[in-house]
Visitor: 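Sending over a structure as structure tokens; questions will come in a sec.
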Number of protein chains: 2
Amino acid sequence: MKKTTIHDIARELDVTFSTVARALNDHPAISAATKAAVLETAKRLNYQQNKLASSLRSGKSHVIGIIVPSLDTSFFSSVVHGMEKVLNENGYSVLLYQTGESIKQEQKGLGTFLQSRVDGIISSVSSESDGFEFYSEIRKRQVPLLFFDRAIKELEIPSVTINDYKAGFEATEHLIKQGYTRIAHITSEKNLTIFNERFRGYREALEKYGLPFQENMVFKGTVGLELGQESVRRLQAEHLPFDAIFAAEDYTAMGALQQLLESGVQVPLQVGVIGFANEAFGAFVTPSLSTVDQQTIKMGEETARLFLKLTANKDYYGSTPEHIVLDPFVVARKSSQPQRQG
Amino acid sequence: MKKTTIHDIARELDVTFSTVARALNDHPAISAATKAAVLETAKRLNYQQNKLASSLRSGKSHVIGIIVPSLDTSFFSSVVHGMEKVLNENGYSVLLYQTGESIKQEQKGLGTFLQSRVDGIISSVSSESDGFEFYSEIRKRQVPLLFFDRAIKELEIPSVTINDYKAGFEATEHLIKQGYTRIAHITSEKNLTIFNERFRGYREALEKYGLPFQENMVFKGTVGLELGQESVRRLQAEHLPFDAIFAAEDYTAMGALQQLLESGVQVPLQVGVIGFANEAFGAFVTPSLSTVDQQTIKMGEETARLFLKLTANKDYYGSTPEHIVLDPFVVARKSSQPQRQG
DNA sequence: CTGAAAGCGCTAACAC
DNA sequence: GTGTTAGCGCTTTCAG
């Protein structure tokens, strides 16, 4: 069964294919009668426009490429959820690419997007130390590019991020206001701005409230359950006095919480814990885990909307790039509020 | 900056563009020397093949469309994660479409995929009562189609699902073997095979062990925390004797668990609870939540691999459709094991 | 081993 | 209001 084209419709109606094309695109200079006839025939013949041909000719694909480290993370899948929804509502399709935090994959993905002639690229970079040239290449080709969550500051590219500094500051401040004074921090060993900024917020909050910052109260590694557990074990083994933990990621906080409870430490009475990301489990564990919400779906929607807004004017790279910074907020639950526990 | 094409490369090297095309595609009948020259020039001119043109001409887009209800669900995002990974490794790009469980969206997505001339469609249907014709349309057009998790049995389409019947049976059997005898079931009101099958497993397990099935021990609604809470409240209000709950979804189980604990019921001592899906939070709550694992990533990978295998032979719809049924397994944690709690 | 030529299905400028 | 024409950038026979 051969696919039907505008030529088939034209033949049926004894008009030229360009008339059909116009009718299908609701061109003003086509009589209502022909339009109706064309539409009817198109439906009857099960016509489906060939977007490849249309895109090739017009230079617009109505596809936008999204690059994320991994969908197996509630943060990114949630953001992509928000983006796809908004983009879809506005007539765009989404090409998806996961990098697995690998620069190689990231470059491959960008290459594929370029070849597919996407109308734009929305990306959360894998690492910020490397891979500059590839993104500047995108820019040179005038393909609209937008960063979300993780941006490359050195490039003049619009972005939607959250204020990780503020988030780190407020998480730490929250602990301090609850009466905790010896606060450890657990973060990623990767050189990512998001983690660096949370860390900076932590330090400055300590400073603001006159608490000493100690290098040996900071633990770095691959974020996750194990890192949290191990960090607590090290704190205990080294007999470092501490009464609170701010982990830059929820699973890490959970690992710390588990290790604390296992070793008989009372949370939040003896030690307070706060995490980061507002993963679903935090509300359900005992004691419930305080955390910082990143407004993932909103971030996805905002990102998509900014993209749509920017691509609406002609030259995407004409004006200074717009940066939207979302405000995260502390979700105070039991793990960090001793007085709420009685 | 005009995009460079094979004509540009051809001009530079004083050969015809078809020679360039062949060299780029590593055609056997091209001398090593020309190939090298072409490759070098291509790199120098920052050439990126135009896939739109290539796909239009060749009839293969190397894009496959994936339809899911929503990415804001750990189940689907995890499955998509697995699929994208495998497809990507095999040279395919992924077009993503979320339906939000709406048939309209689903049809729109399928339409877009058809227009984009995807090389195949992998879908988890929104609802099984409706929307048949659209999928048979895909089939009529000979576009490879594969269902995962939620399939339409009436259509002769390959699929990858899990054995929900067995899952429901084993979850219930697990509770029975732990000594529970009055087991309530909470499930979706939607007419989806996955839920119907879990329900059937529940009933047959009761029967096998000689326990009575009671209609009033089954609660239906929109799965989620609230449904779980409300179901327990109704059980208590109506003074129905019960000592265990099998919820067909983890958040629902969590809601039930919360309501039980809140009303002073001891879990698992007085009432046992088991959920479904192995969401991340289950391992962390107190008592930890027993559940059924669906092997999401494996499902994604298996789905992608089956697709690749099936598209490898010429006529996708030539032979009887292959159905892969994955075996789920019970993850027994504390919420369903009274003797483990002392 | 390379060239010539046709055409995938559409858009859009130019006619009348 | 509709027809004519020229491509978009590539793949793919058919020649030689």
Side-chain angles (χ1 to χ4, degrees), chain A residues 1-39 41-42 45-63 91 111-112 114-119 141, chain B residues 1-39 41-42 45-63 91 111-112 114-119 141:
Chain A
M1 165 177 156
K2 203 72 196 54
K3 270 156 203 148
T4 107
T5 74
I6 47 176
H7 292 92
D8 300 322
I9 301 178
R11 205 175 314 117
E12 288 267 321
L13 296 172
D14 239 343
V15 291
T16 43
F17 70 96
S18 43
T19 301
V20 174
R22 288 197 189 93
L24 254 16
N25 291 323
D26 205 24
H27 190 105
I30 294 286
S31 74
T34 0
K35 272 183 193 167
V38 167
L39 253 40
T41 320
L45 300 183
N46 275 318
Y47 172 74
Q48 289 280 14
Q49 188 198 44
N50 186 328
K51 285 202 172 184
L52 295 172
S54 148
S55 303
L56 174 60
R57 185 55 235 251
S58 71
K60 304 193 75 343
S61 64
H62 295 280
V63 170
T112 307
L114 248 25
Q115 299 186 159
S116 302
R117 298 297 190 262
V118 296
D119 284 351
R141 285 169 188 265
Chain B
M1 164 177 156
K2 204 70 194 53
K3 270 156 204 147
T4 107
T5 74
I6 47 176
H7 292 93
D8 301 321
I9 300 177
R11 204 174 315 116
E12 289 268 319
L13 295 173
D14 241 345
V15 291
T16 41
F17 68 95
S18 41
T19 301
V20 174
R22 288 196 189 94
L24 255 16
N25 292 322
D26 204 25
H27 190 106
I30 294 286
S31 73
T34 346
K35 271 182 192 167
V38 168
L39 252 40
T41 321
L45 301 184
N46 274 319
Y47 172 75
Q48 290 279 15
Q49 187 198 45
N50 186 328
K51 285 202 173 184
L52 296 172
S54 142
S55 303
L56 174 61
R57 184 56 235 253
S58 71
K60 304 194 75 341
S61 64
H62 295 282
V63 170
T112 306
L114 249 24
Q115 299 185 159
S116 302
R117 299 296 190 265
V118 296
D119 285 351
R141 286 170 186 266

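Reminder, nothing fancy here: chain letters follow the sequence lines and each chain counts from 1.
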Visitor: Rounded to the nearest Å, what distance is computed from the CG atom of residue Leu52(B) to the P atom of nucleotide dG9(C)?
Guide: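 So the two atoms are 15 Å apart, to the nearest Å.
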Visitor: I want to confirm an ordering. Mapping Ser54(A) and Val15(B) to their closest nucleotides on DNA chain C, which one lands closer to the 5' end?
Guide: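 Per heavy-atom nearest nucleotide, the more 5' residue is Val15(B).
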Visitor: Base, sugar-phosphate, or nothing: which does Ser55(B) touch, judged by heavy atoms less than 4.0 Å apart?
Guide: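 The answer is nothing, as Ser55(B) stays clear of every strand by at least 4.0 Å.
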Visitor: Answer yes or no: does a side-chain N or O of Gln49(B) lie under 4.0 Å from OP1 or OP2 of dT11(D)?
Guide: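 Gln49(B) to dT11(D) OP1/OP2: side-chain N or O found under 4.0 Å.
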Visitor: Using heavy-atom distances to pick each residue's nearest nucleotide on DNA chain D, tell me which of Ile30(A) and Leu56(A) is more 5'.
Guide: Ile30(A)
Visitor: Which ones in residues 18-28 of chain A lie close to DNA chain D, meaning a heavy atom under 4.0 Å from one of its atoms?
Guide: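 Going residue by residue through residues 18-28 of chain A, the ones with a heavy atom under 4.0 Å of DNA chain D turn out to be Ser18(A), Thr19(A), Arg22(A).
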Visitor: Counting N and O atoms only, with roles assigned by atom type, does the side chain of Thr41(A) sit under 3.5 Å from a partner on the main chain of Ile9(A), one being a donor and the other an acceptor?
Guide: no
Visitor: Is Thr16(B) near enough to dG3(C) that one of its side-chain N or O atoms lies under 4.0 angstrom from OP1 or OP2?
Guide: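 It does, given that an N or O in the side chain of Thr16(B) lies less than 4.0 Å from OP1 or OP2 of dG3(C).
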Visitor: Return the set of residues passing ring-ring contact (aromatic ring centres under 6.0 Å, His included) with His27(A) (not counting sequence neighbours), or none when no residue passes.
Guide: none
Visitor: Kindly write out the residues that satisfy side-chain hydrogen bond (donor to acceptor under 3.5 Å, both in side chains) with Thr34(B), not counting sequence neighbours, or none if the list is empty.
Guide: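 For Thr34(B), the residues satisfying side-chain hydrogen bond (donor to acceptor under 3.5 Å, both in side chains) (neighbours in sequence not counted) are Ser31(B).
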Visitor: Any side-chain heavy-atom pair from Arg141(A) and Leu114(A) closer than 4.5 angstrom?
Guide: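 Yes, close enough: below the 4.5 Å cut-off.
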Visitor: Which whole-number value in Å describes the distance from Asn50(A) CG to dC10(D) P?
Guide: 17 Å
Visitor: For dG9(C), does the base pair up with any side-chain atom of Arg57(A) as donor and acceptor (N or O, under 3.5 Å, distance only)?
Guide: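 There is none.
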Visitor: Return each pair, listed once, that meets salt bridge (charged side-chain N to carboxylate O under 4.0 Å, His left out) where at least one residue sits in residues 13-34 of chain B; pairs must be two or more places apart or across chains.
Guide: Asp26(B)-Lys35(B)
Visitor: Return the angle between end axes of the helix from dC1(C)-dG16(D) to dC16(C)-dG1(D), with five pairs used per end and rounding to 10°.
Guide: 30°
Visitor: Can you tell me which residue pairs pass the salt bridge (charged side-chain N to carboxylate O under 4.0 Å, His left out) test with a partner in residues 47-60 of chain A, sequence neighbours excluded?
Guide: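 Non-adjacent pairs meeting salt bridge (charged side-chain N to carboxylate O under 4.0 Å, His left out): Lys60(A)-Asp119(A).
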Visitor: Starting at the 5' end of DNA chain C and moving along, which residue's nearest nucleotide shows up first, Thr5(A) or Ala29(B)?
Guide: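 Mapping each residue to its closest nucleotide by heavy atoms, the 5'-most match is Ala29(B).
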